[in-house]
Novice: 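First, the structure itself, so that you have it in front of you.
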Amino acid sequence: MSQENVEIVRRILAANRSGPDNETRDIALALADSEIQLRSRITAVEGAEYLGHDGVRRYYDDMAAFRAWHNEAAEIIEVSPDLVLVDNVFHATGRESGVEVKLRSAIVFVVSDGRVTRCLSYPTRAEALEAAGLSE
């Protein structure tokens with residue numbers, strides 16, 4: 001099942017970008033558990049954490065602050081059968097300011113029964129592994 005979990009994470013990452021339609025949000029919702037916990041470094045600046053499908057919708061609404069954005073997975077690692085770690089770089093352009101943003105983070109995805117139950121972003125790989133109860 002673990003390789004399937006890596007593929008689920010790959011699908012979310014491939015779709016997770018700005019765009020003119022709701023395709024990204026719809027893919028995320030299709031792969032997210034109804035009680036998902038989502039925390040992004042980019043929205044955590046304002047203390048945002050998103051719960052459930054309504055939270056996922058709110059996350060994508062909040063991402064409208066960017067004119068264009070995408071995630072670049074530098075590395076995807078299967079840590080355990082239900083845990084996937086992504087070394088990620090977020091690229092964006094502010095909608096109003098035009099400011100370019102580049103933010104590196106480590107994202108922990110917990111996948112159970114084909115659905116992402118947690119997607120939590122940390123400043124460093126070490127912090128992500130520690131939060132997952134592991135170490136480098």
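All residue numbers refer to positions in the sequence shown, counting from 1.
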Novice: Between T24 (side chain) and R17 (backbone), is there a donor-acceptor pair under 3.5 Å?
Specialist: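 Yes, the answer is positive, given that a donor and an acceptor are paired below the 3.5 Å cut-off.
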Novice: What's the spacing between I107 CD1 and S40 OG if we round to 0.5 Å?
Specialist: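 These two atoms lie 7.5 Å from each other.
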Novice: Go through the steps for I77 and V84 under the test side-chain contact (heavy atoms from CB on, under 4.5 Å), then give the verdict.
Specialist: CA-CA 6 Å; I77 305 161; V84 178; over 6 Å; no
Novice: I need the S112 OG to L83 CG distance, nearest 0.5 Å.
Specialist: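 Answer for the OG-CG pair, S112 versus L83, is 12.0 Å.
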Novice: Is any side-chain heavy atom of V86 closer than 4.5 Å to one of V9?
Specialist: yes
Novice: Shortest non-hydrogen contact from T93 to G98?
Specialist: CG2-O, 3.7 Å
Novice: If the condition is side-chain hydrogen bond (donor to acceptor under 3.5 Å, both in side chains), which residues does R104 pass it with, not counting sequence neighbours?
Specialist: D87
Novice: Look at R57 together with D54 and state whether they make a salt bridge at an N to O cut-off of under 4.0 Å.
Specialist: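 Looking at R57 and D54, the cut-off is met.
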Novice: Side chains of T117 and F109: closer than 4.5 Å at any heavy-atom pair?
Specialist: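 Not touching, per the 4.5 Å side-chain cut-off.
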Novice: Let me confirm one number: the CD-OG distance from E127 to S105, rounded to the nearest 0.5 Å.
Specialist: 11.0 Å
Novice: May I have the step-by-step check of salt bridge (Lys or Arg N to Asp or Glu O under 4.0 Å) for K102 and E72, ending in yes or no?
Specialist: CA-CA 10 Å; K102 182 177 178 182; E72 176 186 338; over 6 Å; no
Novice: Hey, are the side chains of D82 and V111 touching, using non-hydrogen atoms and a 4.5 Å cut-off?
Specialist: no
Novice: How close do P81 and N5 get, counting heavy atoms only, and between which atoms?
Specialist: O-ND2, 2.7 Å
Novice: Counting only heavy atoms not in R67, do more than 12 sit closer than 6.0 Å to its CZ atom?
Specialist: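 Counting other residues, nucleotides and ligands, CZ of R67 exceeds 12 neighbours.
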Novice: Does R39 CZ have over 12 foreign heavy atoms under 6.0 Å away?
Specialist: yes
Novice: Would you say V89 and N71 make side-chain contact, with heavy atoms under 4.5 Å?
Specialist: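 Sidechains of N71 and V89: no contact.
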Novice: Show which side-chain atoms of residues 27-38 pair as donor or acceptor with protein atoms under 3.5 Å away, not counting sequence neighbours.
Specialist:
| unit_1 | atom_1 | unit_2 | atom_2 | d |
| --- | --- | --- | --- | --- |
| D33 | OD2 | E35 | N | 2.9 |
| Q37 | NE2 | E49 | OE2 | 3.3 |

Novice: Compare every heavy atom of R41 with every heavy atom of S121, then report the nearest pair and how far apart it is.
Specialist: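 Result for this residue pair: OG-CG, 3.1 Å.
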Novice: I need the minimum non-hydrogen distance between I8 and G114, along with the two atoms involved.
Specialist: CD1-O, 3.4 Å
Novice: Not counting sequence neighbours, which residues clear salt bridge (Lys or Arg N to Asp or Glu O under 4.0 Å) with R10? List them please.
Specialist: E7
Novice: Decide whether a cation-pi geometry holds between R25 and Y59; the criteria are a distance under 6.0 Å from NZ or CZ to the six-membered ring centre and an angle within 45° of the ring axis.
Specialist: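 Pair R25/Y59 does not count as cation-pi.
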Novice: So for atom CD, which belongs to E96, do other residues, nucleotides or ligands contribute more than 12 heavy atoms lying within a distance under 6.0 Å?
Specialist: no
Novice: To check you understand the geometry: which heavy-atom pair defines the closest contact between V101 and F66, and what is its length?
Specialist: CG2-CE2, 4.2 Å
Novice: Calculate, to the nearest 0.5 Å, the distance between atoms CD and CG belonging to E78 and L85 respectively.
Specialist: 11.5 Å
Novice: Please name the pair of heavy atoms, one in A92 and one in W69, separated by the smallest distance, quoted to 0.1 Å.
Specialist: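 That closest heavy-atom pairing would be CB-CB, 3.7 Å.
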Novice: Would you call V56 and L51 a side-chain contact if the rule is heavy atoms closer than 4.5 Å?
Specialist: no
